[in-house]
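In this text, all values refer to a predicted model and were calculated from it rather than measured experimentally. Whatever order the structure lists them in is the order used to number ligands and atoms, beginning at 1. In this chain, numbering begins with 1 at the start of the sequence shown.
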Amino acid sequence: MNKNSSNIMALAPKASNKRETVCIFGTGDFGRALGHKLIQSGYPIVFGSRSTQLSSLIPKGAEVLSHAEAAQKAAIIIIAMQRQHYDFLTPLEEILRGKVLVDVSNNLKINQYPESNAKYLAQLVPSTRVVKAFNTVSAWALQSGTLDASRQVFVCGDDMEAKQMVMDIVRAVGLTPLDQGSLSAAQEIENYPLQLFPMWKFPIFLSLGLTAFFFFYCLIRDIIYPYVYENKDYSFFLAISIPNRICPVVALILLALVYLPGVLAAIIQLYRGTKYSRFPDWLDKWMLCRKQLGLIALAFAFLHVFYTLVIPIRYYVRWRNEDGIITQALNNKTNPFSNTYGWLSDSYLALGILGFFLFVLLGITSLPSVSNNVNWREFRFVQSKLGYLTLILCTAHTLVYGGNRFLSPSSYRWYLPDAYILSLIVPCIVLVVKFVLISPYLDRQLTRIRQGWERNPQYSE
Ligand code: NAP
């Protein structure tokens, strides 16, 4: 079957020419925008309002009546008003009996009320069938037709038939309904639009923390130390040299941190001998934000590439090269060509180029438009196998960069090694542990555990 056929079906309106009238309570921004969209989709619309006067803002073709009159004309009523005004519905209970009420409301704060707005509505008018929907779509997006960013509409409710009727409307306006279950899910759905990049917080704070740490580390080693001991002012390193030290270091550590939780999870499963026990919360949260960690790592890698590309045009570099040539000429001495350095320099660059290429490939495959078009096995192959290969290449790039200076005592300043040496700690740990985990004995154990075999059933929950 065509992979996209389910989406096409999800977007296809119900094959019927006659649309049922939909009532909207409230002629505010959202009520009008949704009314406009529904009229375009062929639904007769009647607004229930405190003022029955037709204003120029009301979508053409819609009627505006009192709440009681409007409610009598439709089986579905969309409540497009704030929760604090819901109590005016109680006196209308008899007219609303058995009707489907669609709660579209949002709050100003996460978990603002003890119960969700939809639950509150259901308690106020218990003889109705309440469905939560549309709250994640903005009035502006409905009005302007720019619904590409979020076509998904989360729908929940206790009455299956009512939910189905609302989902048909969602499809008819070109959106995709996602059934989230019973009305108990409403609180979570109401919290969605209030969350600020929930998956990005930890990766962003972590990368800022690492950047700050390595900034001060490099400042001490590369600017303050030469100033104190050699009386040399290298403060201009702050513009390019130090950022170009921080970016690859942070990129490599973050990339390793994408794979570290997987390795830890495998160790926990091996130790517990079962997959039926929950991971600690911190590990669960860490695993959920691996994609964001990887994308931030990629951003740092991009910056490293840009900073590296400008190296030949830097005044300091040009001056140092010219100075080297003049010194050789004055001393009538040429530096012999070193094949070892040739190899080190070329392999360091080649490993960096290949590592960066695979890193970009990983980033591209994590985009929803691409990942939706590969199957689970293909996705895992790219993210896991190619991911580890990227980590190996980037770690090797850093190791070879050190070349014969690597761990040399003369490169320490105030007992501090070069920043790139610190950046190798986490990737090397991840790679060594992964290497141990793929040994045939442990790999077999892990595969059996992941297929449901239990060595220690006492750990399963
Ligand atoms: P709005 O522009 O302030 O409109 C609210 C409407 O509620 C008013 O136009 C009014 O309609 C009615 N109303 C106000 N006080 C009332 C009262 N005391 N009794 C009865 N009706 C009253 O708000 P909105 O932006 O359209 O938002 C409406 C609902 O949609 C809210 O719950 C909001 O959280 C939700 N929502 C909005 C958006 C958005 O982008 N705006 C997106 C998703 C969800 P009448 O004058 O016709 O009576």
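Of the inter-residue distances, the one linking Arg450 atom CZ with Gln269 atom CD reads 4.5 Å to the nearest 0.5 angstrom. For the atom pair CD1 (Ile253) and SG (Cys394), the distance works out to 13.0 Å, reported to the nearest 0.5 Å.
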Exercise for review: Could you please spell out the steps behind the ring-ring contact (aromatic ring centres under 6.0 Å, His included) verdict for Phe154 and Tyr192?
Suggested key: CA-CA 10 Å; Phe154 301 106; Tyr192 282 149; 4.7 Å; yes
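Ligand 1 has no N or O atom lying under 3.5 Å from any N or O atom of Ser51, backbone or side chain. Polar contact check, His85 against ligand 1: a nitrogen or oxygen pair lies under 3.5 Å apart. The shortest N or O to N or O distance between His67 and ligand 1 is not under 3.5 Å. Considering backbone and side-chain atoms alike, Gly48 places every N or O at 3.5 Å or more from each N or O of ligand 1.
The shortest contact between atom 4 (O) of ligand 1 and any protein heavy atom is with Gly28 CA, 3.2 Å. Annotation: atom 41 (N) of ligand 1 to nearest protein heavy atom, Ala139 CB, 3.7 Å. The protein heavy atom nearest to atom 24 (P) of ligand 1 is Phe30 N, 3.8 Å.
When the heavy atoms of Gln82, Arg83, Arg50 are ranked by distance to atom 3 (O) of ligand 1, first place goes to Gln82.
Close approach of ligand 1 to Gly26 is summarised as follows: ligand atoms under 4.0 Å from at least one heavy atom of the residue are 11 (O), 47 (O). The distance from ligand 1 to the heavy atoms of Val104 drops below 4.0 Å at these ligand atoms: 30 (O), 35 (C), 36 (N), 44 (C). Close approach of ligand 1 to Ser105 (heavy-atom distance below 4.0 Å) involves ligand atoms 32 (O), 34 (O), 35 (C).
Under a 4.0 Å heavy-atom criterion, Ala80 is in contact with ligand 1.
A donor and an acceptor atom, one from each side chain of Glu93 and Ser127, are located under 3.5 Å apart. No donor-acceptor contact under 3.5 angstrom links the side chains of Tyr316 and Ser241, judged on distance only.
Within the 4.0 Å heavy-atom criterion, both parts of Asn106, backbone and side chain, lie near ligand 1. Using a 4.0 Å cut-off between heavy atoms, Val137 contacts ligand 1 through its backbone alone, with no side-chain atom that close.
Between Tyr401 and Tyr420, the ring center distance clears the sub-6.0 Å criterion.
Minimum heavy-atom separation, Gly26 to Phe47: O-CD2, 3.7 Å.
Under the 30°/60° scheme for interplanar angles, the aromatic rings of Phe214 and Tyr217 are found to stand perpendicular.
Using a cut-off of 4.0 Å between Lys/Arg side-chain N and Asp/Glu carboxylate O, Arg83 and Glu115 are scored as salt-bridged.
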